[in-house]
Each structure stands twice: as structure tokens, then as C-alpha cells.
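Heads up: the structure comes next, in C-alpha cells.
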Protein chains: 2
Amino acid sequence: MKPVTLKDIAETLGISITTVSKALKGYPDVSKKTRALVKELAKTLNYKPNAFAVNLRTEESKTIGLIIPEIVHHFFSSVIKGIISQAEKKGYLVIILQSNESYELEKKQLDLLLSKRVDGILISLANGTADFKHLVEVIEQGKPLVMFDKIAKIVKCSKVIIDDRKAAYTATQHLIDTGCKRIAHFRGPLLPQNAIDRFLGYKKALLDNNMVYDPSLVYLFEDMTFEVGEMFAKKIMDEHTDVDGIFVNTDLVAIGAITEFNRQGVKIPEDISIVGFSNWFMSSAITPSLTTINQPGFEMGKKAFKQLYKEMKAKKNKKEVIPKIIELETVLVKRNSTK
Amino acid sequence: MKPVTLKDIAETLGISITTVSKALKGYPDVSKKTRALVKELAKTLNYKPNAFAVNLRTEESKTIGLIIPEIVHHFFSSVIKGIISQAEKKGYLVIILQSNESYELEKKQLDLLLSKRVDGILISLANGTADFKHLVEVIEQGKPLVMFDKIAKIVKCSKVIIDDRKAAYTATQHLIDTGCKRIAHFRGPLLPQNAIDRFLGYKKALLDNNMVYDPSLVYLFEDMTFEVGEMFAKKIMDEHTDVDGIFVNTDLVAIGAITEFNRQGVKIPEDISIVGFSNWFMSSAITPSLTTINQPGFEMGKKAFKQLYKEMKAKKNKKEVIPKIIELETVLVKRNSTK
DNA sequence: CTGAAAGCGCTTACAG
DNA sequence: CTGAAAGCGCTTACAG
């Protein structure tokens with residue numbers, strides 16, 4: 001009933017706990033005979049080291065924390081999958097917490113992870129986060145921290161990102177190249193760095209092509225939902241009948257817009273071209289299929305863990321870590337929502 | 001730099017570690033003055049108990065494990081969200097692992113969680129799992145275990161489920177009630193209990209209505225994807241032009257089928273009616289919108305954790321636990337893919 | 001009201 | 001090659 005301990009094995013074999021421990025860990029200063037004996041007994045008794053004791057001794061839990069704004073999102077769940085798959089390979093477990101896009105919750109979750117003494121932390125910031133003291137504190141404490149996707153530029157730590165500005169530029173340029181003259185942007189929320197960068201890329205593409213940047217064509221919204229896409233599609237039809245192209249922050253919203261345009265008989269791409277962002281699997285399924293930017297979530301998760309792992313290892317060996325910015329490639333996936 | 005310990009506080013205040021510990025935990029046998037002093041110092045020093053030591057002493061980690069077949073699935077990510085939200089309220093953290101629908105991996109993950117000594121385990125079975133010894137062992141060890149959604153009927157533990165058979169019956173009956181005479185079923189994989197039960201509900205509805213059950217109208221497939229839906233829609237048009245209704249195992253597959261039928265000019269619901277399963281948010285977005293069975297994922301996650309919590313508490317108090325089957329309500333959501 | 005002491009199960013520096 | 005001992009940081013039964 002009670003779990004088997006080193007002591008149990010030692011007593012049964014009439015040797016010391018020290019020797020049992022060493023034998024199990026394959027230390028060379030144990031005789032072959034003893035080692036075999038110990039290992040055999042451990043196996044038959046189904047011995048499993050008490051993780052709590054090991055943690056206490058080694059000050060390491062082989063567990064990392066992950067804070068994510070929202071789990072129920074195709075992109076983020078792909079990232080999670082990437083993180084878990086990689087963590088598993090290295091023998092790490094992942095504790096997942098959600099910030100619900102709230103700064104207060106994010107702070108609280110970070111504190112929780114710290115008090116649990118996870119070995120490292122992976123985080124994608126909440127939309128509501130504009131102050132970064134809580135993150136700086138983690139770093140000052142020497143706890144490895146890697147940010148991904150939604151990051152804070154001024155915080156000195158490793159980051160795994162895409163070049164949102166460039167990707168948005170490419171998307172907008174594609175609209176221009178295919179003949180769009182008046183291009184709107186469904187921007188999303190105000191604060192997060194990726195929304196800012198996508199907006200900047202959009203704007204720069206316009207200016208580089210000697211097109212007018214018109215702020216009234218930029219639509220802000222908090223929630224990235226299908227319904228928001230429908231709503232703004234309606235708004236465009238009401239307010240700006242001359243718009244012939246839209247660059248949308250997220251596929252889900254773009255698909256909402258497409259659905260509404262379809263419903264109203266607006267032809268895509270003849271009347272309006274649309275480019276999304278993220279390459280959600282539904283974007284190839286919708287009619288017309290959606291031209292979009294591929295954002296490699298699974299890959300991002302893998303890279304983020306790998307970097308964190310390096311930093312945890314470096315810390316263990318008391319080596320200095322130089323923060324690294326890892327940028328993943330994005331690709332424009334051309335489909336039928338653009339000419 | 002080094003974390004503050006009870007000893008640090010005790011030494012600074014010139015009192016014993018015992019008293020500091022008691023004061024911080026609000027034990028009544030400490031003078032008000034001492035308690036106030038200790039608490040204040042702890043706060044200014046930002047004392048956080050060493051979770052590893054607490055775990056070792058209390059044999060409790062306030063952490064649970066969750067094994068899920070696939071994270072990147074709207075339904076499962078909703079469940080995860082429900083679990084995490086509830087766990088947070090009770091001060092528990094959640095370690096998430098994926099079985100990738102593989103029995104071997106599921107066993108391995110379970111073992112990992114056990115060796116980490118989580119306080120309890122939540123699991124939804126892999127499609128590949130047909131042997132349940134690994135689960136029985138967990139229970140025999142006295143570790144609280146609750147299964148949800150994809151369960152094994154013969155394993156004696158608490159379960160949170162829906163009545164898949166009844167829901168499938170309702171879905172099929174709705175097709176019959178709206179005039180369908182020849183109803184196919186996209187069944188999904190062979191093994192999981194929920195696929196079996198949905199199939200049985202479909203069959204029973206046919207028989208209760210004196211309709212012929214034709215095995216050639218039941219389509220098996222391993223992966224529940226959009227593409228599978230497209231493919232089987234084509235198959236139906238080739239093989240069974242008389243089919244006028246389909247009950248599909250999952251919304252995603254149903255939406256794939258709708259897309260293909262739309263493409264081929266097959267009218268929904270005039271030529272073929274379709275009912276899905278799960279009420280994925282895209283099912284109200286597609287044209288025509290999809291009639292489906294609402295499967296409460298978030299709710300299921302919450303209930304599963306609540307039950308696990310009860311059992312962990314009972315175990316702590318050395319009370320017996322009687323396994324409980326919690327069945328959540330499902331509702332048929334009528335939309336435009338049926339008459 | 002306070003504290004000395006045992007103990008949770010492990011790891012590892014050290015002695016022999 | 002083997003083992004006694006210290007110690008990780010906490011909790012708690014017990015004595016005073």
C-alpha cells in the first residue's frame with residue numbers, strides 16, 4: 001500500500017540507503033553485483049523515487065509553467081501542443097494557466113507558478129498587459145523566462161516571434177499587387193504588440209505604394225470572434241462602399257466577414273479582396289477559401305520550449321544567458337479570396 | 001538572492017522555527033503580538049513557503065494531472081478551460097499531457113503523472129485504448145481518478161459523460177421527423193465508447209421507427225477532419241444517391257460534408273438533411289447553419305474537476321468514495337441543415 | 001504561549 | 001566498494 005522507498009530496498013538487501021541510491025543512479029562506485037541486485041529488487045517492487053523528496057534535494061521539479069491568454073483558440077492550442085511535445089522529450093511536465101487576457105490574472109498566475117517553484121516559465125501576454133514589472137521581477141529573480149507571440153519588446157528576455165510587421169506588409173502588398181485601390185484593416189485590440197506591428201506593416205505598405213493612409217479605414221475591436229467579422233463587414237458596406245480590399249488581423253474574423261459578404265451578395269474577390277492572418281485550418285475550407293499568412297503555432301511552441309530548456313540548463317551550470325530573439329518565417333498562402 | 005526560509009525569519013526575530021510556522025498558518029496557540037510580528041516580517045521579506053518541502057511533509061502537491069487525446073480540438077480545449085478554471089478556485093494546478101489517441105502513450109503519461117505524485121488524475125481515453133489495466137492499477141493504488149467524455153464502462157471510477165446513445169437517438173429521430181427516409185451515419189472510429197453509443201442510438205432510432213438498418217450506410221473513419229467530411233459526402237453521392245439524411249459523429253466532419261455538397265449543388269436540407277454533433281461555434285457560422293447536438297465541454301471540465309476534488313478530499317479524510325456517474329444534459333440545436 | 005525534536009525521502013561530500 | 005551523517009525546508013506531536 002505505502003510506496004516503496006530506498007529504505008525498504010536497503011533493509012531487504014541488508015545494505016545502506018546510500019548504496020541503494022547510488023546503484024539506482026548508475027554511479028560507477030558500486031559493485032556490479034550490488035547494482036544488479038538493487039536494480040532487480042527495485043523493479044520487482046515497482047520502486048519509484050519520491051518526486052517530492054527529489055525536488056527538495058535538487059531544488060528542481062522538472063516542471064515548467066505556461067501562461068496563455070486563452071486556451072480555446074486554434075493558434076494557442078497548437079502552441080501548447082508544440083510546447084508539450086518538446087517538453088516531454090526532455091522529461092519536463094507543463095502546468096498550464098490562463099490569463100483570460102487580463103493583466104491582474106496574469107500577475108496572479110505568474111505568482112502562483114513562482115510559489116510552486118517551477119523551473120522555468122513560458123508566457124504569451126494578455127491584451128490587457130501594459131505594465132511589465134511582474135515580468136522583470138521574474139527575470140531579476142533569475143528564473144528562466146521566455147515570451148512568445150504576444151511579447152513586450154522592452155523586457156530583456158528571450159522571445160519567439162514572427163515578424164508581424166513584415167507579414168502584414170506582405171499581406172497588404174499582395175492586395176495592392178492584385179489591384180486593390182482602397183484597403184481597410186480590421187486591426188483588433190489596441191495594446192498587444194502583434195496588433196500594433198500588423199497595423200504598422202499595413203500602413204507602411206500603403207505609404208510605400210503612394211497610397212493614402214486613411215485612419216477611418218482601420219477598425220478596432222476587443223474580441224476576435226466570427227461575429228465581429230460579420231459586424232465589420234456590414235459596417236464596411238455602410239460606411240465605405242469604395243473599399244475593395246481588407247487585411248484582417250485574424251482568420252476567424254476574416255471568415256466572419258466572408259460569410260457576411262456572401263450573404264449580402266458581395267463578390268469575393270471581384271468586389272472585395274480579403275487577406276487573413278494565421279492560416280487556421282478553416283481558412284482553406286470556407287468558400288471562397290481565404291488567402292492568409294501562415295503563422296506556425298506548433299513550431300513556435302517547440303522553439304519556445306527549446307530556448308527555455310537551454311536557459312534552464314545554463315542556469316543549472318551557473319552560466320550566463322544572453323537573451324535571444326528567435327524569429328520564425330511566415331508565408332503568404334494565396335487562395336481564392338484575392339485575385 | 002536565495003529564497004527566504006522560516007529559519008531566516010526565526011533568526012531575525014529571535015524565536016523558534018516552530019513558532020514562525022504556526023504564526024504564519026494562523027494557529028491559535030501563538031500570541032497576537034508574535035503572530036503580527038512574524039506576518040509583517042514575512043511580508044516585507046516576501047516569504048514564500050518552499051513548495052517542495054511542503055509537498056514532502058504533507059504528501060500532497062495540490063497538483064492534478066490531465067490526460068487528453070488531443071489538445072487541438074475545440075471540444076477538448078473547452079474541457080481543459082473548464083478544468084483549469086475550477087482547479088484554480090480550489091488552489092490546484094493542472095499538468096496537461098496528450099495521448100495522441102495512442103494507448104502506449106496514454107500508459108506512459110499515466111505512469112509519468114503517478115511518478116510525479118499528482119494528487120489526482122483526470123482522463124479522457126485514447127481511441128486506441130481497449131485494455132484498461134493501467135487505469136485499474138491507478139485506482140487500486142488509491143489515487144483518485146475521474147474519467148470524462150471518452151470512458152471505459154467497466155472501470156470502477158467516477159465518470160462525467162453525456163448520454164451519447166440518447167443524444168444520437170434524438171438526432172436521428174429529428175431526421176426521421178422531418179421526413180428523411182434513408183439515413184446514413186458517419187460513425188468515426190471503431191473503439192471509443194462514445195462512437196459506439198452514438199452508433200447504437202442511431203440504429204435504435206431507425207428500428208423504433210420501423211426503418212431498415214443498412215450497414216452499408218455506416219461510414220467508419222479514423223481521423224475526424226474536415227477533409228474526411230468532404231470525402232464521405234462524395235462517397236454518398238456515388239454510392240447511395242437515395243440517401244436523404246445523414247447523422248454525423250462530429251460537427252467538423254459534418255461541415256466538411258456540407259461544403260462538398262454545396263460545391264456539388266446538392267441542396268441542404270431539400271436534397272439531404274444533416275445533423276452534426278458537439279455544437280462547435282462554426283456550426284452556426286456555416287451556410288446553411290448546422291443542426292447539431294450541443295455537447296457542453298466547459299461544463300464537463302468543471303464537473304470533472306469538482307468530482308475529483310471531492311475524491312481527493314475524501315481520501316485525505318480517509319473516507320470511502322463511491323464512484324459516481326455524472327451525466328450532463330445535451331440539447332438538439334435546430335438550425336438550417338434540417339427541414 | 002513557546003520551542004526542541006523527529007521525520008518526510010532523497011542526495012552527496014566525506015571517511016574508511 | 002560501502003556506509004554514516006548532514007541537510008534540503010517544512011510540519012506537527014509533545015513537553016514545558
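Residue numbers start from 1 in every chain, and the chains themselves are labelled A, B, ... in the order their sequence lines are given, proteins ahead of strands.
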Exercise. After noting the C-alpha distance and the side-chain angles of A:Lys81 and B:Glu70, does the key distance pass the salt bridge (Lys or Arg N to Asp or Glu O under 4.0 Å) rule?
Worked result: CA-CA 8 Å; A:Lys81 189 171 171 166; B:Glu70 169 63 80; 2.9 Å; yes

Exercise. Does A:Lys48 pair with B:Asp111 as a salt bridge, N-O distance under 4.0 Å?
Worked result: yes

For this session: Classify the nucleic acid contact of B:Asp29 as base, sugar-phosphate or nothing, counting any heavy atom under 4.0 Å across all strands shown.
Result: base

Seminar exercise, completed: When pairs are called at under 3.5 Å and a stem needs at least three consecutive Watson-Crick or G-U pairs, the stems of DNA chain D are C:1-3 with D:14-16, C:5-12 with D:5-12, C:14-16 with D:1-3

Seminar exercise, completed: Of B:Leu56 and B:Lys32, the one whose nearest nucleotide on DNA chain C sits closer to the 5' end is B:Lys32

Exercise. Does the distance from a Lys or Arg side-chain N to an Asp or Glu carboxylate O, for A:Glu60 and A:Lys316, drop under 4.0 Å?
Worked result: yes

For this session: With DNA chain C as reference, determine whether B:Ala53 or A:Thr18 sits nearer its 5' end, using the nearest nucleotide of each.
Result: B:Ala53

Exercise. Base, sugar-phosphate, or nothing: which does A:Thr19 touch, judged by heavy atoms less than 4.0 Å apart?
Worked result: base

Seminar exercise, completed: Tested for side chain to side chain contact (heavy atoms under 4.5 Å, CB included) against A:Lys22, the lone hit among A:Thr34, A:Val38, A:Asp29 is A:Asp29

Exercise. Quick one: on DNA chain D, does A:Arg35 or A:Glu59 contact a more 5' nucleotide (nearest heavy atom)?
Worked result: A:Arg35

Exercise. Would you find more than 12 non-hydrogen atoms of other residues, nucleotides or ligands less than 6.0 Å from B:Lys313 atom NZ?
Worked result: no

Exercise. Heavy-atom count around A:Glu40 CD within 6.0 Å, excluding the residue itself: above 12?
Worked result: no

Exercise. Touch check for A:Lys22, heavy atoms < 4.0 angstrom, all strands: base, sugar-phosphate only, or nothing?
Worked result: base

Problem set entry | Candidate list B:His134, B:Glu101, B:Lys107, B:Glu106, test side-chain hydrogen bond (donor to acceptor under 3.5 Å, both in side chains), partner B:Thr129, passing option | B:Glu106

Exercise. Is a salt bridge present between B:Lys108 and B:Glu104, judged by a nitrogen-to-oxygen distance below 4.0 Å?
Worked result: no

Exercise. What is the 5' to 3' range of DNA chain C, first to last nucleotide, that sits under 4.0 Å from any heavy atom of chain B?
Worked result: C:dC1 to C:dG9

